[in-house]
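Along the sequence shown, the residues carry numbers beginning at 1. All values reported here derive from a predicted model rather than from experimental measurement.
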Amino acid sequence: MILLDTFEDTGDRTHRDFERLLQRIVWLMPNTYFVVTGRNRLQWAQASLEGQLDWTGPDAWPGLDTGTTAQTTHRSGGRQVLIGDFSREDCEDYLARRVSRDGRPLIDEPVRRIIAERSHGLPLYLDLSVMRYLELRRGGRQPHVADFNHDFPALIARTLSDLSTEERHVLRSVSLLSAFSVPLATEVAGMDHDAPALRLTERPFIRESASGTWPFHLHDLIRSAIRNADDASDDRWSNEDWRRAAERAFRALEAQWRQDLRRDRTVLVGCLQQGLALARDFDLDLDWLADAAFQYVEDSIWEPLTPPAARDAEHGGRSTAANALVETLSAIARRQHEHRERTVSRLSAVLASRLLPEDLVELATYYLAKAQRDLGLTDDSRRGMQRVAEAGGRLAFAAGRGLAHLSRLSGDFPAAVEAAGRLGWPGRHQRVLGDVWWVQGDIDRAAAAYLADRSEAEAHAVEGERAMVQAHLACAVAFTDPLRADDELDLADRLLSPLSLRSTELTAHIAALVRDAGLATDLPERAAVLLAEIGVSGASYAAAKLQLALCFHHAVLDAHNDLAVGIARLRELTQSGDYAYYVDIAHFMAGLPLPEQAARARWIDGEERTRERWRNIVIRRRRFLNTAR
């Protein structure tokens with residue numbers, strides 16, 4: 001075995017005469033195991049070096065080929081391991097062996113664990129931590145875990161030691177970003193040529209990934225040290241240098257987002273996450289982040305949106321507008337997976353902080369009102385929706401839709417239809433109409449409205465709306481056509497699978513119960529499981545709709561006792577007055593008279609016509625069951 005250490009000392013990358021000699025030795029000694037170590041990647045697999053070296057390209061050096069870094073290839077057992085690729089187990093094993101007494105590790109297991117965790121696999125950090133451990137022991141005390149919440153300035157000195165001045169400048173600039181491309185790095189550094197950024201990407205502390213918006217990212221530990229540790233180098237940056245670089249990065253991200261004519265969702269989320277972190281850490285005005293935030297919510301997709309952790313405790317709370325916006329967007333997205341009471345609490349706290357600018361106050365107020373509606377807090381929801389609608393901002397049409405929904409909840413269907421006429425596509429008027437028509441028992445009209453909304457969503461490339469209305473369509477047609485409902489549910493599942501729309505997934509699950517009403521003997525058990533999931537979300541409307549689906553099942557089977565229990569439960573769920581007409585529909589399904597104390601909804605075609613439609617839906621399902629048998 002032959003070790004060629006500090007391979008970067010073979011010379012610069014313009015004149016490769018000595019490197020050519022060493023490469024020839026490696027090539028002509030196939031029975032020897034060579035370990036080549038250095039600060040830079042070996043470039044021998046790059047075909048562009050043909051003529052400078054004797055053997056180049058991926059066929060000659062498959063283990064060094066781009067894309068196979070740190071992996072064993074199918075053609076060769078060789079590999080190129082980057083500094084910092086140690087696994088957690090490797091790190092802890094090294095620390096256990098590095099210093100020992102009587103054959104036992106000197107460093108306690110909890111300390112080894114925290115050092116390994118903070119090292120991110122970087123051997124230099126492990127060595128520096130061991131030296132710190134020994135220094136603390138020489139000072140007369142036993143080191144503890146807290147002693148290693150520490151950034152080493154030596155990491156900066158070692159990392160910068162053989163970089164050119166321009167490369168150092170680019171390195172500090174990209175430490176502001178969690179991911180970057182060569183053009184983005186050049187722009188953030190304020191340079192007019194890409195060469196320093198290109199050279200920097202060849203360094204082993206720069207990682208390359210095929211996934212994500214930007215291909216490169218800086219090793220996490222190196223990035224942390226450059227941002228946070230004391231920098232004693234001659235060309236260290238002042239606070240103003242850092243702020244100017246942050247402002248350049250902020251503007252560069254804005255340009256990347258605004259110039260993306262494809263409206264790529266990953267570009268939006270990537271720019272928003274990095275921009276929020278910069279605005280938070282350097283107390284920048286939100287500026288373009290407000291526009292990006294509205295685009296984020298407009299698509300109704302709800303990917304997790306959490307920027308990197310704050311640099312210090314001072315920026316860890318909601319003390320800046322950027323932190324308030326982070327909390328707002330996080331609460332909006334997480335409402336799909338949290339109880340709505342948690343959403344109300346988080347958004348109420350953001351509004352109470354008064355940190356958001358006025359247009360973003362509108363955003364928080366609207367989604368607070370939506371969560372309140374889901375919890376059955378109708379009066380609070382209506383006040384919030386009215387404030388947003390009257391403000392006439394970017395969510396005015398959405399708030400108008402919210403008010404139309406509130407009219408529908410109370411059973412005032414003519415008012416909901418009238419409101420839908422003023423909404424247009426921005427207010428999703430066809431979805432509002434579909435939600436009105438299906439409760440009238442007019443399933444064909446509801447399906448037509450939902451299909452029209454889906455077409456508009458496709459035309460505007462709004463994936464979240466398309467998936468949402470598809471689930472509503474499946475739920476409506478499930479009452480009258482179980483076979484078609486199969487196809488509609490399959491499409492809903494495909495549209496929902498890449499998204500994070502938990503409430504819409506609940507609608508699709510309810511649709512499956514409606515489709516199977518009268519057919520599945522285990523339907524009550526499935527409904528009980530789904531009801532538990534709904535309870536976690538706090539979506540009261542979903543619990544009432546689920547109970548209506550159960551009543552449909554009992555009405556089809558003519559199970560009088562079960563239907564009576566179902567109607568009683570439905571009455572409990574709607575005692576606030578919201579969705580009280582579900583109790584009426586359950587009576588219509590079974591051909592039962594309404595109780596004297598029943599609240600009368602304002603049906604579009606009158607009570608008798610609506611009763612007839614729902615009774616016919618049950619009769620039609622019974623005929624379907626007889627045919628199926």
Side-chain angles (χ1 to χ4, degrees), residues 174-181 183-185 187-188 209 211-217 223 245-311 315-316 318-337 343 346-347 350 355-364 366-367 393-395 398 461-465 498-501:
V174 298
S175 72
L176 293 166
L177 303 172
S178 56
F180 62 93
S181 62
L184 182 59
E187 192 169 353
V188 173
S209 172
S211 62
T213 307
W214 301 282
F216 301 109
H217 67 275
R223 182 172 181 237
E247 290 171 349
R248 288 195 302 269
F250 193 67
R251 290 301 169 199
L253 291 168
E254 177 188 12
Q256 295 253 322
W257 169 59
R258 293 198 187 279
Q259 293 169 11
D260 177 35
L261 301 180
R262 297 177 304 156
R263 285 174 61 93
D264 189 323
R265 184 76 181 177
T266 59
V267 173
L268 165 68
V269 173
C271 291
L272 194 53
Q273 288 197 162
Q274 298 214 75
L276 283 167
L278 289 167
R280 177 198 62 199
D281 290 346
F282 293 90
D283 198 19
L284 305 177
D285 291 336
L286 294 181
D287 197 61
W288 61 272
L289 291 175
D291 292 338
F294 277 103
Q295 184 184 329
Y296 172 78
V297 301
E298 181 182 286
D299 292 339
S300 300
I301 295 179
W302 315 124
E303 311 94 323
L305 189 64
T306 306
R311 293 174 63 194
H315 297 93
R318 285 192 295 268
S319 58
T320 67
N323 274 323
L325 180 55
V326 169
E327 178 68 2
T328 299
L329 295 177
S330 174
I332 291 171
R334 286 295 302 167
R335 82 189 196 283
Q336 300 291 334
H337 306 280
T343 306
R346 295 177 69 181
L347 292 177
V350 169
L355 290 169
L356 291 176
E358 192 57 38
D359 56 343
L360 291 172
V361 167
E362 169 191 353
L363 179 68
Y366 171 72
Y367 281 96
R394 284 184 272 197
L395 290 175
V462 182
E463 296 179 24
E465 177 65 21
L499 308 180
S500 181
L501 292 170

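More than 12 heavy atoms of other residues, nucleotides or ligands sit less than 6.0 Å from atom CG of D264.
Between the CD atom of E463 and the CG atom of D299 there is a distance of 7.5 Å, given to the nearest 0.5 Å. Between Q295 atom CD and E298 atom CD the span is 6.5 Å, to the nearest 0.5 Å. The OG1 atom of T343 lies 10.5 Å from the NE2 atom of H337; values are rounded to the nearest 0.5 Å. Taking CG of D291 as the start and CZ of R258 as the end, the distance is 5.0 Å to the nearest 0.5 Å. Note that the CG atom of L278 and the CD atom of Q273 stand 12.0 Å from one another [nearest 0.5 Å]. The CG atom of L268 sits 7.5 Å away from atom CD of E303, with the distance rounded to the nearest 0.5 Å.
Considering all non-hydrogen atoms of both residues, E362 and R394 come closest at OE2-N, 3.1 Å. Of all non-hydrogen atoms in Q336 and L501, the two that sit nearest each other are OE1-C, 3.3 Å. When all heavy atoms of A252 and V188 are compared, the closest pair comes out as CB-CG2, 4.2 Å. Pairing each heavy atom of A246 with each of L176, the nearest pair is N-CD1, 3.6 Å. Here the closest heavy-atom approach between residue L356 and residue A364 is recorded as CD1-CB, 4.2 Å. Among all heavy-atom pairs drawn from G275 and L289, the shortest one is O-CD1, 3.7 Å.
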Stepwise, does the side-chain contact (heavy atoms from CB on, under 4.5 Å) test hold for L355 with N323?
CA-CA 9 Å; L355 290 169; N323 274 323; over 6 Å; no

Start with the C-alpha gap between L360 and F294, add the side-chain angles, then the distance that decides, and say whether side-chain contact (heavy atoms from CB on, under 4.5 Å) holds.
CA-CA 9 Å; L360 291 172; F294 277 103; 3.9 Å; yes

When you look at Q274 and S178, which way does the side chain to side chain donor-acceptor pair (under 3.5 Å) test go after all the steps?
CA-CA 7 Å; Q274 298 214 75; S178 56; 3.1 Å; yes

D287 vs R251, test: side-chain contact (heavy atoms from CB on, under 4.5 Å). Steps then yes/no.
CA-CA 10 Å; D287 197 61; R251 290 301 169 199; 2.6 Å; yes

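Put simply, the side chain of Y367 does not reach to within 4.5 Å of the side chain of T328, judged on heavy atoms. Put simply, the side chain of Y296 does not reach to within 4.5 Å of the side chain of I332, judged on heavy atoms. Within the 4.5 Å cutoff, the side chain of L363 has heavy atoms near those of the L329 side chain. Annotation: side chain of I301 is not in contact with side chain of S500 (no heavy-atom distance under 4.5 Å).
By the 30° and 60° cut-offs, the orientation of the rings of F250 relative to W288 is tilted.
Side-chain N/O atoms of S330 and R346 include a donor and acceptor closer than 3.5 Å.
Using a 4.0 Å cut-off between charged side-chain N and carboxylate O, R265 and D260 make no salt bridge.
Partner of V326 under the side-chain contact (heavy atoms from CB on, under 4.5 Å) criterion, chosen from L272, T320, L276, V350: L276.
Both the sub-6.0 Å distance and the 45° axial angle are not jointly satisfied by R334 relative to the ring of W302.
The backbone N or O of W214 sits nowhere less than 3.5 Å from a side-chain atom of S181 that would complete a donor-acceptor pair. Side chain of R223 to backbone of S175: a donor-acceptor contact under 3.5 angstrom is found.
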